[in-house]
Visitor: 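Attaching a single structure in structure tokens format; questions to follow.
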Amino acid sequence: MLYDLFAYLDRMDFPGAGMFKYISFRSGLAIVFALFLSTLTGRRIINRLQRMQIGETVRNLGIEGQMSKKGTPTMGGIIIIISILVPVLLFTRLNNVYILLVLITTVWLGVLGFADDYIKVFKKDKEGLRGKFKIVAQVGLGLIVGMTLYLSPDTVIRENREVINGDNVIEEVQIHPSETKSTKTTIPFFKNNNFDYAWLGSWAGEWKEEATWFFFVLIVIFIVTAVSNGANLTDGLDGLAAGSSAIMGVALGILAYMSSHIEFASFLNIMFLPGAEELVVFAAAFIGATIGFLWYNSYPAQVFMGDTGSLTLGGIIAVYAIIIRKELLIPIFCGIFLIEELSVLFQVIYFKYTKKKYGEGRRIFKMTPLHHHFQKAGHAGIQALIQRPYNVVPESKLVVRFWLIGIILAVITIVTLKIR
């Protein structure tokens, strides 16, 4: 919104107006403004939620300190959403297709999460929004993102090409001078690090293009659903989901900057994405909003983000990674979300298997999602394969340790671009 105004002022030789064309300057403004907005509006929104008696309903699961969270305001994800949307609307170029996609994702999943929280809080239905409606909404978002990336003339790349000498050694990496539509994405750990989704539809003959589109959209839907649900499961400790998301936001911002900078793209041997530089500004707003939310959400939390926040954060991370064609790196930098999701999946499968085989369900972990495993003391009364640690890990320490793991995974993600 302000970009066009300052571009006009720059043409009029207004002093300092030219600064606005720099991504670094607008990203700095976005992160500071998002931090300011989240801390400023956070207290007012929390007070409003308290007056409306929008408190968290807590089941007694035998976890230390759990019942003290009862009545803490929820639906605080509104703070995050506002703090992302306002800076993005102010400091990005709104005619950019990538910005439009992440804005749609933010609003779309924000509304979905809000509806889920509303039913839980006001309708007193602990199940929230029915699963089929969530799936329809997530599939709908996947279709919008997938079709836009596949069909829009603005979602183009300039492919990286390796120049190899007679000894089969890469002398240099060149970025192709022309922009092309492509179904390629970056794949880690392989020398030829571009994977083409067209390979999935190669069997379809004359219907190859349609088959490629079909598989690509299916993959987008799966990624959006998996990551948003992973974020939702991670939101069980004070500050865990917000802090982990902020770390992932930093990794994504770096990846977007490298992918949209022709020299870095050439150095890292990754495809160049024209227009993706605007996503760095979005990442800055995302980081500022999530860190600012920690002012109130860190232990002991004054507000919870609820599904309004967790579904939105997970969806943004998924769509952002897909847009910059780094979705195959999600299992690494979203490792916290992944392990939380897998812990629940394995626990349920193993419980059902042992119940069918032995007549009594057994567990792998003391409790899932995984963070709750560390909050429950191990003893003979708990039939779990993994009893350690026997002692309860304090919540604040547990959250910081998960953050540290997230930082390590983010660094590994960046490093994988040079590991072939």
Side-chain angles (χ1 to χ4, degrees), residues 1-4 6-7 10 18-30 88-89 91-105 144-163 172-188 192-198 212-213 216 220 249 251-286 316-329 413-414 417-418:
M1 188 180 295
L2 293 179
Y3 182 88
D4 293 327
F6 277 86
D10 186 39
M19 291 290 292
F20 219 77
K21 65 184 178 182
Y22 294 107
I23 291 296
S24 55
F25 180 72
R26 287 189 283 133
S27 297
L29 288 177
V88 170
L89 291 173
F91 303 127
T92 61
R93 300 176 64 179
L94 297 179
N95 61 347
N96 183 286
V97 64
Y98 299 134
I99 289 296
L100 293 176
L101 279 178
V102 287
L103 283 174
I104 290 170
T105 300
I144 292 172
V145 174
M147 290 177 67
T148 301
L149 292 176
Y150 195 81
L151 300 174
S152 172
D154 296 324
T155 56
V156 294
I157 70 167
R158 287 169 60 182
E159 193 169 353
N160 48 312
R161 300 184 301 180
E162 299 174 347
V163 178
E172 63 175 325
V173 176
Q174 297 177 348
I175 300 298
H176 199 282
S178 60
E179 299 175 356
T180 58
K181 286 291 294 180
S182 175
T183 53
K184 291 185 177 181
T185 189
T186 300
I187 185 169
N192 183 12
N193 64 330
N194 290 343
F195 172 77
D196 196 341
Y197 285 109
T212 300
W213 172 83
F216 176 71
V220 170
L252 287 170
I254 293 172
L255 291 172
Y257 183 75
M258 290 177 171
S259 298
S260 60
H261 193 292
I262 195 165
E263 292 183 2
F264 281 124
S266 177
F267 173 73
L268 294 170
N269 194 7
I270 57 177
M271 63 188 73
F272 172 66
L273 303 176
E277 65 276 1
E278 290 299 315
L279 289 172
V280 180
V281 184
F282 183 94
F286 180 89
I316 289 172
I317 290 169
V319 171
Y320 196 110
I322 293 167
I323 287 174
I324 62 173
R325 303 181 188 240
K326 302 296 182 290
E327 67 272 18
L328 299 183
L329 293 171
T413 301
I414 306 300
L417 297 180
K418 290 299 289 182

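Atom set for the values below is all heavy atoms of this structure, side chains included, hydrogens, waters and symmetry mates excluded.
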Visitor: Determine the minimum heavy-atom distance between I175 and I270, stating which atoms define it.
Guide: CD1-O, 3.8 Å
Visitor: Any salt bridge (charged side-chain N to carboxylate O under 4.0 Å, His left out) pairs touching residues 271-282, not counting sequence neighbours?
Guide: R26-E278
Visitor: Does some side-chain heavy atom of L279 sit less than 4.5 Å from a side-chain heavy atom of L252?
Guide: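 Side-chain contact under 4.5 Å: no.
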Visitor: Applying salt bridge (charged side-chain N to carboxylate O under 4.0 Å, His left out), name anything that partners E179, two or more places apart in sequence or on another chain.
Guide: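 With neighbours one apart ignored, the set is empty.
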Visitor: Among residues at least two apart in sequence or on other chains, which ones pass ring pair (Phe, Tyr, Trp, His ring centres under 6.0 Å) with Y197?
Guide: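 So Y197 forms a ring pair (Phe, Tyr, Trp, His ring centres under 6.0 Å) with F195, F216.
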Visitor: Is S152 reaching over with its side chain to a backbone N or O of D154, donor-acceptor style, under 3.5 angstrom?
Guide: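 Present.
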Visitor: Is the backbone N or O of A198 less than 3.5 Å from a side-chain atom of K184, with the two atoms forming a donor-acceptor pair by type?
Guide: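 Here the side-chain-to-backbone pair does not exist.
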Visitor: Are any of the side-chain heavy atoms of T186 and L328 separated by less than 4.5 Å?
Guide: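 Not in contact.
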Visitor: Can you sort out the partners of I254 under side-chain contact (heavy atoms from CB on, under 4.5 Å), two or more places apart, ordered by chain and number?
Guide: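 Here the qualifying residues are V250, M258, I414.
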Visitor: Closest heavy-atom contact between V280 and G253?
Guide: CG2-O, 4.0 Å
Visitor: Can you see which heavy atom on R158 is nearest to which on S178, and at what distance?
Guide: CG-O, 3.5 Å
Visitor: Rounded at 0.5 Å granularity, tell me how far OG1 in T105 sits from CZ in F282.
Guide: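 Output value for this atom pair is 7.5 Å.
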Visitor: Heavy atoms only: give me the nearest Y98-T155 pair and the separation to one decimal.
Guide: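 Minimum heavy-atom contact is OH-CA, 3.5 Å.
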Visitor: So, taking the atom named CD1 in I324 and the one named OG in S260, what distance separates them when rounded to the nearest 0.5 Å?
Guide: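 The OG atom of S260 is 9.0 Å from CD1 of I324, to the nearest 0.5 Å.
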Visitor: Hey, are the side chains of I317 and F286 touching, using non-hydrogen atoms and a 4.5 Å cut-off?
Guide: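 With C-beta onward as the side chain, the pair touches.
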Visitor: Taking only residues two or more places apart in sequence or in another chain, which ones pass side-chain contact (heavy atoms from CB on, under 4.5 Å) with A251?
Guide: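 By the side-chain contact (heavy atoms from CB on, under 4.5 Å) rule, A251 matches A410.
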Visitor: So which of E327, K326, R325 actually passes side-chain hydrogen bond (donor to acceptor under 3.5 Å, both in side chains) with T185?
Guide: E327
Visitor: Do V88 and V281 pass the side chain to side chain contact (heavy atoms under 4.5 Å, CB included) test, and can you show the C-alpha distance, the side-chain angles, and the key distance before you say yes or no?
Guide: CA-CA 7 Å; V88 170; V281 184; over 6 Å; no
Visitor: What heavy-atom pair brings A256 and A276 nearest, and what distance separates the two atoms?
Guide: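 What the structure gives for the nearest pair is CB-O, 4.3 Å.
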Visitor: How long is the gap from CZ on F91 to OG on S27, to the nearest 0.5 Å?
Guide: 10.5 Å
Visitor: Given F272, which of I262, V156, I157 fulfils the side chain to side chain contact (heavy atoms under 4.5 Å, CB included) condition?
Guide: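 Of all the options given, the one that passes is I262.
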Visitor: Is there side-chain contact between L417 and L329, with heavy atoms separated by less than 4.5 Å?
Guide: yes
Visitor: Out of curiosity, L103 CG to L89 CG, how far, rounded to the nearest 0.5 Å?
Guide: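 Output value for this atom pair is 6.0 Å.
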Visitor: Roughly how far, to the nearest 0.5 Å, is the CG atom of L101 from the CG atom of L149?
Guide: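 Answer for the CG-CG pair, L149 versus L101, is 5.5 Å.
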Visitor: How close do M271 and N194 get, counting heavy atoms only, and between which atoms?
Guide: CE-OD1, 3.6 Å
Visitor: Sequence neighbours left out, what passes side-chain contact (heavy atoms from CB on, under 4.5 Å) with S24? Give chain and number order.
Guide: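 Scan of S24 (side-chain contact (heavy atoms from CB on, under 4.5 Å), adjacent residues dropped) gives Y22.
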